[in-house]
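A quick write-up on the structure given underneath.
Residues: numbered from 1 along the sequence shown.
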Amino acid sequence: MNNQPKQLGRNYSVFEDFVKDNRIYVDKTQHIYNLITAPHARHFYFVSRPRRFGKSLFLSTLYEIFSGKKELFNEYWIGKNSNYDWQKHPIIQLDFSKIAHGNAQELKQSLCLALQKIAKNNAVKKLKISAPEDMLQDLVQALEANGKIVLLIDEYDKPIIDHITNISVAEENRAILNGFYATIKALESSWRAIFITGVSKFAKTSLFSGLNNLTELSFDPTVAELFGYTYEELLTYFPTQINDLAQQISKTREETLADMKSWYDGYRFSKDMQKAQMYSPLSVVACLEKKEFSNYWFNTGTPGFLIALLREKGIALETQEPIQLSMHSLDSIDIHNIPLYTLLLQTGYLTITDYDAETKGFTLDYPNQEVRDSFKYYIMQAFAYTTSEVVDMQLFNIRKALANKDFEKFCNVIQTFFAGIPYDKQIEREAYYHSLLHLLFDLSGMSPRSEDHSSKGRADLVLETANSIIIFEFKLNSSTQKALDQILEKKYYEKYLLKNKAIILIGMNFKFKEKKLEFDWLQKEAR
């Protein structure tokens, strides 16, 4: 046994490497044992989770368990406390993130090569190249001589989801996968267990329609704590690293844990509100390793198709109302009509914050500070068709203008910002520009309030700084004077008169003329 202190396992996803390299493995083997010994006729499972949430490590752990390698688990629950039989099974393991899928032909060829490699590793004679489903049948027939087979499939949906913005390729890849997954159903009697993971559950995929014994675990309370870390696991497995982080940032241990919760906790994968919220495993380990708080999970790569989808939907970027979905909405998505909020939930940018048993409705929100701040920034770049450098410059100019009470400069910065949106990308909708401004001010750290209520109505947007209050009214294809007159007539400013701050009223008008956005404003100080 290695008596040296265990080190962090950042970027580790192979279970055997955790053991051999003396890395900290957060023990999930009791959850796994419960799954593989559950009293079902078949142990056929599907689970979706966001990227970098431990799906690959989960399947790698299963691989070693079904390979009968008890010696790797001597210090973990399944090796110390269970009566697992450690029978060795033939295993077919496929990772579609490592199988080329640029088009249907490439997917088909790469899948065939992957099956050939598995055959070779299991001393099976070389498979004849044919359709992937036929090669799978031949491989299963050869492996069955050694007992029931375990099938492990990681990122099953990668060939589809990577082509969300190119529907024809997504459809062709889905057709290839449909034939392959339908064969898995036909070989049902050959399997000891099936575990399939992905980010999303796609409708019209034979994986779910044909393989009708597949148990959906994505929102099952029994596995709500299988992926990610609980607070108790944080304390159990990382006590030294947490203390080191606290020392580095000059905070107490309790303050550091509170910061970690704010930054990285908050994910919920069940309608059971009693289940623990989960920490992002990647972010926790990276934060403890680097000894600083940052956007680690988000910065590993947000799927590019999300930008295109956000632009296509053109939804309001910031909403003051909770996002609510039904259980039916969470079930699956169709590549021809992707519900944005469902996809954001499945990909980890939103999470479940409440469940109403009576209406069977879920309330969604950002899980934590890392995702909230990063995703807002990401959305801003997407909708303003600009770069992070330009956004940073505009945010700086806005803060500077407001600090100097230079409201003319403030409005000029906003005008410059909107002028940067390509004319053929502009949306003739007031809510679009309202949302962009709300988000811009939010990213500036100024806590804007949209639809601010008063006794005589609602101001479109109110921005309060240390020394001023700015009240906006927006119009589309109208006039700035009408916008300003509405603020004065409704007296939106009255509720702020006792705050002893400068109150600036700004009427803005967004006008489309020959498909070109014209932006102007009027401002007045309230007395």
State whether [X] and [Y] are salt-bridged, where the test is any N-O pair (Lys NZ or Arg NE/NH1/NH2 against Asp/Glu carboxylate O) under 4.0 Å.
X	Y	value
Arg449	Asp452	yes
Asp442	Lys376	yes
Arg268	Glu225	no

Can you find a pair of side-chain heavy atoms, one from [X] and one from [Y], that are under 4.5 Å apart?
X	Y	value
Ile92	Val150	no
Leu343	Ser200	yes
Val47	Lys55	no
Leu59	Phe195	yes
Leu437	Phe417	no
Leu364	Thr353	no
Thr351	Asp365	no
Ser190	Lys148	no

Could you grab the distance from atom [atom1] of [X] to atom [atom2] of [Y], nearest 0.5 Å is fine?
X	Y	atom1	atom2	value
Ile153	Asp95	CD1	CG	10.5 Å
Asp134	Leu139	CG	CG	12.5 Å
Leu94	Ser110	CG	OG	11.5 Å
Ser478	Glu473	OG	CD	10.0 Å
Leu177	His101	CG	NE2	10.0 Å
His336	Ile164	NE2	CD1	10.0 Å

With distance as the sole test, does [X] use its side chain to make a donor-acceptor pair with the main-chain N or O of [Y] at under 3.5 Å?
X	Y	value
Lys261	Asn368	no
Ser326	Gly361	no
Trp191	Ile184	yes
Thr61	Leu57	yes
Asn173	Pro159	yes
Glu216	Ser218	yes
Tyr264	Glu370	no
Thr342	Ile338	no
Asp460	Phe474	yes
His43	Ala38	yes

Other residues, nucleotides, ligands: >12 heavy atoms within 6.0 Å of [X] [atom1]:
X	atom1	value
Tyr355	OH	yes
Lys475	NZ	yes
Gln141	CD	no

Between [X] and [Y], is the ring centre distance below 6.0 Å?
X	Y	result
Tyr156	Phe46	yes
Phe53	Phe58	no
Tyr377	Phe298	no
Tyr349	Trp297	yes

For this session: Please assess Thr215 against Leu217 for the test side-chain contact (heavy atoms from CB on, under 4.5 Å), listing each intermediate value before the final yes or no.
Result: CA-CA 6 Å; Thr215 300; Leu217 295 176; 4.1 Å; yes
For this session: Assess whether ring-ring contact (aromatic ring centres under 6.0 Å, His included) is satisfied between Tyr296 and Trp263, documenting all intermediate values.
Result: CA-CA 10 Å; Tyr296 297 109; Trp263 272 83; 8.3 Å; no
For this session: Check the pair Ser48 / Thr197 against side-chain contact (heavy atoms from CB on, under 4.5 Å), numbers first and verdict last.
Result: CA-CA 6 Å; Ser48 67; Thr197 75; over 6 Å; no
Problem set entry | Parallel, tilted or perpendicular: rings of Phe18 and Tyr25 (30°, 60°) |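 Answer is perpendicular, since the angle exceeds 60°.
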For this session: May I ask you to decide if the ring planes of Phe362 and Phe219 are parallel, tilted or perpendicular, using 30° and 60° as cut-offs?
Result: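 Tilted.
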Problem set entry | Test log, rule side-chain hydrogen bond (donor to acceptor under 3.5 Å, both in side chains), inputs Ser270 and Asp272 | CA-CA 5 Å; Ser270 167; Asp272 184 352; 5.2 Å; no
Exercise. Is the cationic atom of Arg49 (NZ for Lys, CZ for Arg) positioned less than 6.0 Å from the six-membered ring centroid of Phe269 and within 45 degrees of its normal?
Worked result: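 Relative to the ring axis of Phe269, which defines the angle, Arg49 lies inside both limits.
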For this session: Identify the residue among Ile91, Leu151, Ile36 that makes a side-chain contact (heavy atoms from CB on, under 4.5 Å) with Arg192.
Result: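 Going through Ile91, Leu151, Ile36 one by one, the side-chain contact (heavy atoms from CB on, under 4.5 Å) with Arg192 is satisfied by Ile36 alone.
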For this session: Decide side-chain contact (heavy atoms from CB on, under 4.5 Å) for Glu64 and Glu16; before the verdict, give the C-alpha distance in whole Å, the side-chain angles of both, and the deciding distance to 0.1 Å.
Result: CA-CA 8 Å; Glu64 303 301 349; Glu16 187 177 22; 3.8 Å; yes
For this session: Begin from the C-alpha positions of Gln369 and Ser262 and carry the test side-chain hydrogen bond (donor to acceptor under 3.5 Å, both in side chains) through to its verdict.
Result: CA-CA 6 Å; Gln369 181 178 335; Ser262 174; 3.3 Å; yes
